[in-house]
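It should be emphasised that the depicted structure is a prediction, and the values quoted were computed from it without experimental measurement. Chain A is the first sequence line, chain B the second, and so forth, proteins listed ahead of strands; every chain is numbered from 1.
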Protein chains: 4
Amino acid sequence: MEHNKSREKLFHDERKFTEKQMDILAAATELFAEKGFAATSTSEIARKAGVAEGTIFRHYKTKKELLLSIVNPLMVNLIGPIVKEDINKVLDTNFNHFEEFILAMIDNRRVFIEKNLSLLQILIQEISFHPELKEQFIEHIGKEIFGRLQQVIRHFQAKGEIVLIPASSVIRMAGSTVLGYIMTRNIIASADNWDDEAEVERTVQFLMKGLSP
Amino acid sequence: MEHNKSREKLFHDERKFTEKQMDILAAATELFAEKGFAATSTSEIARKAGVAEGTIFRHYKTKKELLLSIVNPLMVNLIGPIVKEDINKVLDTNFNHFEEFILAMIDNRRVFIEKNLSLLQILIQEISFHPELKEQFIEHIGKEIFGRLQQVIRHFQAKGEIVLIPASSVIRMAGSTVLGYIMTRNIIASADNWDDEAEVERTVQFLMKGLSP
Amino acid sequence: MEHNKSREKLFHDERKFTEKQMDILAAATELFAEKGFAATSTSEIARKAGVAEGTIFRHYKTKKELLLSIVNPLMVNLIGPIVKEDINKVLDTNFNHFEEFILAMIDNRRVFIEKNLSLLQILIQEISFHPELKEQFIEHIGKEIFGRLQQVIRHFQAKGEIVLIPASSVIRMAGSTVLGYIMTRNIIASADNWDDEAEVERTVQFLMKGLSP
Amino acid sequence: MEHNKSREKLFHDERKFTEKQMDILAAATELFAEKGFAATSTSEIARKAGVAEGTIFRHYKTKKELLLSIVNPLMVNLIGPIVKEDINKVLDTNFNHFEEFILAMIDNRRVFIEKNLSLLQILIQEISFHPELKEQFIEHIGKEIFGRLQQVIRHFQAKGEIVLIPASSVIRMAGSTVLGYIMTRNIIASADNWDDEAEVERTVQFLMKGLSP
DNA sequence: AATGAATGAGTGTTCATTCAT
DNA sequence: AATGAATGAACACTCATTCAT
């Protein structure tokens, strides 16, 4: 009768799900993140979700479809919209300086990532093994977000706040730095001597200086 | 009778291996990298290595032991020594400036990574699922390398070439950046518009500026 | 679609079994008795039972659990109760003489053994290799039955019908004789010149005289 | 480097064996007795004997041949001759009374069984699974010994010391009793309250009385 | 919608046996 | 005579998936 607390949050915007279906999604998410997709058995998921194994296949034709059902909304409904929102703010010149933009993104992302850490872990782990995922990623995150980020970067380059190198390089560096920060933070999760405030501060400084003209 | 070209390179320094054993290691490496450890079957490995399935288990008691046999030497014999070498050069004041050090590391690493890309992929993919790997990593890379890198960073901080923030933060940022560069480079491997020279140049510049006092 | 005739008899008092489960039990019983536990493969059992191999493991987690599922009820539900019944009759002084008791036991046992010969064979063969079986045997047959038999023997010793030696010795001798009779009878099963009536008569006489004061 | 102490005794009369061969026989004997023939692997035997697995198959074409090589001499060279000897003593009227004969047999057997307990265990366990063994047993023990025992029994029946029932029945009863005594003794081996002298005395008394006219 | 018994292909692993050295 | 690497068939057991209820 294990009821996952994050269940309601994760998938709650989708009305069409039944109780059991949400239990399945929550259980699968947790297990995929913990042991990997291939190493998780459907019987395990069923047991953890408190449903019969057949029930899983009533909702998802295959185990892979279950994986996609978990990861796709992450890309389609969650990452996309949020990033777009940030970016729109910039393009509407709500952010006057690059630093403000970076800070807002990190902050926004931090909340988001904390909530969806296991989802992200699954995405990162499995993306290289499943071409469909890669395609979806390129489709939803890659193209759109990348294109919009390019706009932002060019916007700040035009304002003389960012060094004049290809936007893709900027994105790569900023992305690596932010992702690296998040990964470290969550891998060294248990570490006690981690001063989040200060680390963010340093990371932003590093980015700002590194990308300054 | 598929003979893997990288076989000789990967494990050739270890004399104790038989022909078949090396075929097994090469096949397993390739498949683990391509499909993941859990999704690769021993029968597949045997087929690709051109040996009987039983032969695998004559050399490696379990599939997991095979994984460790692939990944452990990477940590013990390859990553460790090379990094140490670089660092010793610095501590012997062969590098007068931080930039030279970073460049040397990237360069060194680039060759190494190109040679051992699939090994690294396996390590990165599997490390979170196998506590033994994590421990070994902390033991061999974590503790030693981290400690030595700290020395280097403090060395350059003392010379006023690096900003005065905790060495661990510097390592994280530099690490993320370098790793991010490598990952992007190899994921976008097929991309045609990738100017390696220039990208390295930009990355180093980014790092230098980002970490400057 | 081989339907074992003894299936219904062997396990029919247990309502909880499905059709297939009973087929599995019957097939396993026959094969274990015929070739021994270790020499019987689960695929063989499945084939004989007319089910898929996986079905066996849906009902019994391991091959050993299947063995225990066959042998345990023999000890818990069959041997125990029947022997107790006999003994209770004696203690209720339904048997005035030791001879009557022995005859009743042999007779009772004979029917029982004929019905469950293969089960008994399995028990005898495997008991020395499986500590769990030994423990269960001591628990259910050893302790209880032994204790009750002691009472009976002392009862008849008090009446002056049995020689005054330790009850355990009496049990050993009577047990060996009865078991020896049964084993011979069933090993030399095919022999034509076996007069059961007369052999029982002789065996009882032998026991009576042997144990007389 | 495990050297079995009983090794020399067990097979020492056969000069043709090499060192290793005797190690193999000793190891196999111990393991077959402990876990049963089918549950013992040749690799286990090789390990315990301190030889390579191939060496076993140099001497014994199959695992089964190894079993037969262990059990056959027991029947051909050991049981047979000893029993014959006893019997010859009787027929040469060295034993004037049945009791003397029984006592001599039990005593003789006791030494023998103690020495060859594991061999006997193997024989008893495996005889029902291997037709060859059964045949050999009937050939060497069954026919010959049985025939000679019949003579003895008739001899004592003629002297009026044994009840006039078929010799086969007498053999069965005496055999069960003796075997039962031995088995109990060795199964309850560790029991502390086992007074061997007294038990033999009782067992002989039981037999004598049971078989008296 | 949900179950859970049933499946058969597949899993990692062990087996007895072979053979070049 | 002895080895030990190699084998492929078999092993116990698990898998994702189906389907009658």
Closest to the side chain of A:His59, out of E:dT13, F:dT7, E:dA2, is E:dA2
By nearest-nucleotide position on DNA chain E, the 5'-leaning member of B:Ser41 and A:Glu53 is A:Glu53
Rounding to a whole Å, what distance do you find between D:Ile45:CD1 and F:dG4:C1'?
-> 17 Å
Starting at atom CD of B:Glu19, determine the distance to atom C1' of F:dT7, rounded to an integer number of angstrom.
-> 17 Å
NE2 (A:His130) and NZ (B:Lys35) are apart, to the nearest 0.5 Å, by 11.0 Å
Whichever of B:Thr55 and C:Phe37 has the more 5' nearest nucleotide on DNA chain F, that residue is B:Thr55
Partner of F:dA1 by Watson-Crick or G-U wobble geometry, both contacts under 3.5 Å, or none?
-> none
From NZ of D:Lys61 across to P of E:dT17 the rounded distance in Å is 11 Å
How many Å lie between CG on C:Leu67 and P on F:dC13, as a whole number?
-> 12 Å
Across all strands, who's sitting opposite E:dA6 as a Watson-Crick or G-U wobble pair, both distances under 3.5 Å?
-> F:dT17
May I have the distance from C:Ile56 (atom CD1) to E:dA9 (atom P), rounded to whole angstrom?
-> 16 Å
Between E:dC15, E:dT3, F:dA12, which nucleotide gets closest to the side-chain atoms of A:Ala52?
-> E:dT3
Tell me whether the OP1 or OP2 atom of F:dA2 has a side-chain N or O from D:Thr18 closer than 4.0 Å.
-> yes
Proximal nucleotide (of E:dA2, E:dT11, F:dA16) relative to the C:Arg58 side chain | F:dA16
May I ask you to decide if B:Ala26's main-chain N or O and B:Lys48's side chain share a donor-acceptor pair within less than 3.5 Å?
-> no
Just compare E:dT7, E:dG12, F:dT3 and give me whichever is closest to any side-chain atom of B:Thr42.
-> E:dG12
Taking for each residue the nucleotide of DNA chain F with the nearest heavy atom, is it C:Ala38 or A:Glu44 whose nucleotide lies nearer the 5' end?
-> C:Ala38
Could you pull out the closest heavy-atom pair between C:Lys63 and C:Phe37, with the gap in Å?
-> NZ-O, 3.0 Å
Would you say D:Glu65's side chain and D:Tyr60's backbone share a donor-acceptor pair under 3.5 angstrom?
-> no
With respect to the side chain of A:Phe57, which nucleotide from F:dT7, F:dT18, F:dA2 is positioned closest?
-> F:dT18
Given that C:Lys20 and B:Thr40 both sit by DNA chain E, which one's nearest nucleotide is further toward the 5' end?
-> C:Lys20
Check the distance between E:dA6's C1' and C:Arg47's CZ and give it to me in whole angstrom.
-> 19 Å
When A:Val71, A:Ile70, A:Leu67 are each screened for side-chain contact (heavy atoms from CB on, under 4.5 Å) with A:Leu123, the one that passes is A:Val71
Separation of A:Ile24 atom CD1 from F:dT17 atom P, in whole Å?
-> 14 Å
Between P of F:dT3 and CG of D:Asp23, the distance in whole Å | 10 Å
